Student: 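Take this structure, written in structure tokens, and hold onto it; I'll ask about it next.
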Amino acid sequence: MKDIKIAVIGCGRIGHRHAEQITKANGATLVAVCDVIPEKAKELAEKYNIKSFDDLGNLLKEDIDLVAICTPNGLHAEQSIQ
């Protein structure tokens with residue numbers, strides 16, 4: 001069985017924690033991160049040698065199986081619908 005390709009949206013404290021745990025999980029591969037602040041996304045992406053995005057629409061064009069939404073609660077519904 002192939003690994004589940006996972007992206008993290010939101011590169012704050014919780015996003016960092018999710019990224020760390022994803023990289024430790026069997027059967028999962030962290031493939032990308034996204035944040036509206038490009039520097040935050042780039043910093044986290046460089047740590048894991050993965051792609052970074054500052055636009056959710058562009059991230060969702062990638063080959064991703066699952067997204068961890070680690071943004072403020074008020075954004076969850078809109079981002080989930082996308």
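Fair warning: this is a prediction, and the values are worked out from it, not measured in the lab.
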Student: Sub-3.5 Å donor-acceptor pair from the side chain of Asp35 to the main-chain atoms of Cys11, do we have one?
Tutor: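 Side chain of Asp35 to backbone of Cys11, a donor-acceptor pair under 3.5 Å: yes, one is there.
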Student: What's the separation between atom CD in Glu39 and atom OG in Ser52, rounded to the nearest 0.5 Å?
Tutor: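 Glu39 atom CD to Ser52 atom OG measures 10.0 Å (nearest 0.5 Å).
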Student: State yes or no: do Ile69 and Leu59 share one hydrophobic cluster built from I, L, V, M, F, W and Y residues joined by side-chain heavy-atom distances below 4.5 Å, directly or via other members?
Tutor: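 Yes; tracing contacts between hydrophobic side chains, which count when under 4.5 Å, links both residues.
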Student: I'd like to know if the side chain of Asp65 reaches the main chain of Ile4, judged simply by a donor and an acceptor atom lying under 3.5 Å from each other, with no hydrogens or angles considered.
Tutor: no
Student: Quick check for you: to the nearest 0.5 Å, what is the distance between Asp55 atom CG and Leu60 atom CG?
Tutor: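 Nearest 0.5 Å value for the CG-CG distance: 8.5 Å.
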Student: Which of these, Lys5, Lys2, Lys51, sits in a salt bridge (charged side-chain N to carboxylate O under 4.0 Å, His left out) with Asp63?
Tutor: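 The option that passes is Lys5.
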Student: Which value, rounded to the nearest 0.5 Å, describes the distance between Ile9 atom CD1 and Gln79 atom CD?
Tutor: 5.5 Å
Student: Stepwise, does the side chain to side chain contact (heavy atoms under 4.5 Å, CB included) test hold for Ile81 with Glu78?
Tutor: CA-CA 5 Å; Ile81 291 167; Glu78 178 184 335; 5.9 Å; no
Student: For a side chain to side chain contact (heavy atoms under 4.5 Å, CB included) check, start with the C-alpha distance between Ile64 and Val31, then their side-chain angles and the critical distance, and finish with the verdict.
Tutor: CA-CA 8 Å; Ile64 296 168; Val31 296; 4.0 Å; yes
Student: On a heavy-atom basis, which atom in Ala41 and which in Val33 lie closest, and how many Å separate them?
Tutor: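 For Ala41 versus Val33, the nearest heavy atoms are O-CG2, 3.4 Å.
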Student: With hydrophobic residues grouped by side-chain heavy-atom distances under 4.5 Å, do Leu56 and Val36 end up in a single group?
Tutor: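 No, it is not one cluster - the side chains of Leu56 and Val36 are not joined through contacts under 4.5 Å.
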Student: Nearest 0.5 Å, what's the CD1-CG distance between Ile6 and Leu66?
Tutor: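 Here the rounded value is 5.0 Å.
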Student: What's the spacing between Cys34 SG and Asn58 CG if we round to 0.5 Å?
Tutor: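 Separation between the atoms: 8.5 Å.
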Student: For the atom pair CD1 (Ile50) and CD (Glu62), what is the distance rounded to the nearest 0.5 Å?
Tutor: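 It comes to 11.0 Å.
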Student: Atom CD of residue position Glu43 - does it have more than 12 heavy atoms of other residues, nucleotides or ligands inside 6.0 Å?
Tutor: no
Student: Kindly write out the residues that satisfy side-chain contact (heavy atoms from CB on, under 4.5 Å) with Asp54, not counting sequence neighbours, or none if the list is empty.
Tutor: Pro38
Student: Considering only residues two or more places apart or on different chains, which pairs with a residue in residues 14-28 satisfy side-chain hydrogen bond (donor to acceptor under 3.5 Å, both in side chains)?
Tutor: Glu20-Lys24
Student: What pair of heavy atoms forms the shortest contact from Ala32 to Phe53, and how long is it?
Tutor: CB-CE1, 3.9 Å
